[in-house]
Novice: 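Here it is, the structure, as structure tokens.
Predicted model only: the values in this text are computed from it and were never measured. Labels below follow one simple rule: chain letters A, B, ... track the order of the sequence lines, proteins then strands, and each chain is numbered from 1.
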There are 2 protein chains.
Amino acid sequence: MRATLMYGAGDVRVEELPDPVLRRPTDAIVRVVRTCVCGSDLHPYHNMPASEQGTQMGHEFLGVVEELGSEVIGLTKGDLVVVSFAFQDNTCDFCREGVQTSCRHGGFLSEAQAELLRVPQAAGTLVKLPVDEDSALLPSLLTLADVYGTGYHAAKRANVNPRTTVTVIGDGAVGLLAVLSARQLGAERIILMGRHKVRTDLGVEFGATDVVAERGEEGVAKVRELTGGDGTHAVLEAVGYKPAYEQALGVVRHGGVISRVGVPQYDEGPIGWGMFGGNVTLTGGPAPVRAYIDELLPGILDGTVEPGKVFDRTVNLDEVPDGYRAMDRREALKVLVRP
Amino acid sequence: MRATLMYGAGDVRVEELPDPVLRRPTDAIVRVVRTCVCGSDLHPYHNMPASEQGTQMGHEFLGVVEELGSEVIGLTKGDLVVVSFAFQDNTCDFCREGVQTSCRHGGFLSEAQAELLRVPQAAGTLVKLPVDEDSALLPSLLTLADVYGTGYHAAKRANVNPRTTVTVIGDGAVGLLAVLSARQLGAERIILMGRHKVRTDLGVEFGATDVVAERGEEGVAKVRELTGGDGTHAVLEAVGYKPAYEQALGVVRHGGVISRVGVPQYDEGPIGWGMFGGNVTLTGGPAPVRAYIDELLPGILDGTVEPGKVFDRTVNLDEVPDGYRAMDRREALKVLVRP
């Protein structure tokens with residue numbers, strides 16, 4: 001099969017690898033129908049040390065079940081499934097507590113930009129979809145694998161509801177879907193901080209009521225101005241760099257919540273009186289997207305929401321390196337891959 | 001009247017000052033019946049730069065209403081009242097959202113170690129007590145002014161309930177009352193980290209099921225060992241020094257909450273992958289104790305709880321400097337003052 005490997009920063013190649021095989025009775029082999037490039041893939045694209053063996057890439061996909069281990073229940077060969085970027089048994093105590101990303105038998109997928117994939121803990125990880133392989137809904141359904149669930153996680157963790165005002169920091173796919181999620185949870189005031197007009201326009205379509213293009217202190221001042229000086233109850237941080245966290249601290253209302261879903265690219269940050277004095281909460285983490293699929297699927301199926309609009313370019317598997325480049329140069333918001 | 005002033009680190013004096021007077025129609029003048037020395041008073045006791053004018057001290061007290069401004073409703077001269085350490089109108093949007101410490105007309109009291117006190121926003125701040133000035137319940141009722149409400153805030157913010165395991169860091173009055181609060185909220189497993197046996201014994205009486213005297217990495221290892229390697233759902237941090245925060249990060253379970261009520265004596269701290277990867281939440285702040293008085297009062301009145309046990313020494317107003325010294329030397333857990 002062909003698969004995507006990264007050999008170091010900026011060095012993405014599509015190569016022939018042996019087909020994956022079942023290793024455990026809880027595994028499944030899935031043929032990839034749609035996958036994509038994630039904003040978080042850009043971190044290794046910038047930082048990965050060069051290596052000779054390369055690392056397989058990709059963690060979001062829809063596929064068709066090709067083979068099932070003997071212990072996998074509830075699935076059949078030929079099922080079209082969506083797969084959360086973390087695999088999990090979905091039965092352990094952590095899964096029951098809603099942190100499937102910390103599952104006792106879990107881990108993270110990282111081989112999805114390929115033709116075939118072995119998925120561990122298939123029964124807890126694969127969710128059957130009630131559509132065909134040629135459904136027009138595939139792009140939106142694919143977002144359930146990561147970015148939609150991640151934006152939703154940000155909003156849920158921040159307790160977004162009709163009484164909360166919201167700031168979303170970041171106009172990448174996760175930020176835009178955090179806007180959509182906040183709107184779905186009833187928020188009526190959603191300020192989107194981002195400076196790429198094509199993207200923030202989509203944010204407005206998803207429900208943003210205000211767009212603030214300024215960053216740093218200037219951006220903070222603008223959000224404060226828009227909120228009578230108070231900031232917003234919820235701040236959904238979908239970037240991961242320290243200035244975004246500092247911006248979040250600057251725009252959060254007393255008693256409010258900063259909910260991070262951008263993987264932090266820093267270790268230390270301000271958590272002193274500036275946070276404590278206002279009873280500000282800091283939460284978030286890798287999204288247990290499996291937990292949200294059942295909740296988010298109906299809105300996609302009935303057309304209420306169309307999160308798949310975040311995809312603005314489609315490539316085939318051989319063109320994946322171009323997809324990385326386009327996202328890195330911000331020529332594309334999010335790249336869909338049809339293997 | 002006599003009042004307590006601090007003129008610099010370690011320099012506490014009781015002096016004659018003019019009696020306070022009403023300044024605004026929302027003020028009240030209250031005669032102090034019981035006050036006390038707070039663990040947080042020890043921070044300036046260690047750090048305050050020397051000054052010539054001195055700073056009035058004290059923020060927890062019970063008293064009798066002596067005078068009322070013309071706009072104060074719901075209170076009568078002669079009422080015995082408990083006063084939260086922050087004053088608030090208890091009607092603004094922040095108060096309604098449960099962050100009375102951020103009230104639009106609020107602030108912090110700091111003149112309670114005295115015979116008389118002016119309390120702003122009296123209607124929103126003073127809570128009438130259904131007992132007399134000579135009630136044996138006064139010590140417990142006094143804890144409603146700060147330490148009990150603060151321990152309770154830690155537990156509430158951490159969503160402590162019958163299904164959560166809890167670690168409390170710190171065996172000061174707030175830590176011990178965080179234990180009591182966690183127990184009241186139904187927690188069945190409460191690990192108290194503290195090394196002063198007299199105090200941790202009281203913690204056990206309040207509901208702690210385990211005591212860990214070790215600190216730092218050793219303490220973290222011990223809590224991990226007690227919890228099958230997982231840590232606890234809630235960590236109530238009632239110290240305020242950075243090592244206590246690091247300890248909290250070390251013992252919190254994935255998906256859990258670190259709830260701080262010790263005023264942080266640091267600005268930056270670790271908030272990178274170690275926190276994010278496990279979907280750990282950091283919350284807490286100055287406790288809106290006014291919000292909890294109605295909830296906590298019945299248990300004191302009916303004898304279900306006796307938070308006043310944290311007072312292990314009583315002094316009169318002239319002896320307040322000795323009270324500071326005794327708490328600083330850990331000869332006393334918490335010092336009650338009868339002016």
Novice: Could you check if a side-chain atom of A:R104 sits within less than 4.5 angstrom of a side-chain atom of B:D230, using non-hydrogen atoms only?
Specialist: yes
Novice: Let me know if B:R163 has heavy atoms under 4.5 Å from chain A in its side chain, its backbone, both or neither.
Specialist: neither
Novice: Could you go through the side-chain contact (heavy atoms from CB on, under 4.5 Å) check for B:T283 and A:L282 one step at a time?
Specialist: CA-CA 6 Å; B:T283 189; A:L282 173 62; over 6 Å; no
Novice: So which of B:H153, B:H254, B:Q265 has the largest heavy-atom pair count under 4.5 angstrom toward chain A?
Specialist: B:H254
Novice: Just checking A:H43: does its NE2 atom have more than 12 heavy atoms from other residues, nucleotides or ligands closer to it than 6.0 angstrom?
Specialist: yes
Novice: Verify side-chain contact (heavy atoms from CB on, under 4.5 Å) between A:D267 and B:W273, making sure each step is shown before the conclusion.
Specialist: CA-CA 7 Å; A:D267 291 322; B:W273 181 260; 5.8 Å; no
Novice: Output the residues of residues 85-100 of chain A for which the shortest heavy-atom distance to chain B is under 4.5 Å, in residue-number order; output 'none' if no such residue exists.
Specialist: A:D93, A:F94, A:E97, A:V99
Novice: More than 12 non-hydrogen atoms from neighbouring residues, nucleotides or ligands closer than 6.0 Å to CZ on A:R189, yes or no?
Specialist: yes
Novice: For A:I271 and B:Y266, work out which heavy atoms get closest and say how close.
Specialist: CD1-CE1, 3.8 Å
Novice: At a 4.5 Å cut-off on heavy atoms, which part of B:V257 comes close to chain A: side chain, backbone, both, or neither?
Specialist: neither
Novice: Do you know which of A:G278, A:P288, A:P270, A:G255 has the most heavy-atom pairs under 4.5 Å to chain B?
Specialist: A:P270
Novice: Name the member of B:A287, B:P264, B:S259, B:G240 that forms the most heavy-atom pairs with chain A at distances under 4.5 Å.
Specialist: B:P264
Novice: Kindly indicate whether the side chain of B:N279, heavy atoms from C-beta on, has any atom under 4.5 Å from the side chain of A:S102.
Specialist: no
Novice: Verify the neighbour count for atom CD of B:E268: are there more than 12 heavy atoms of other residues, nucleotides or ligands below 6.0 Å?
Specialist: yes
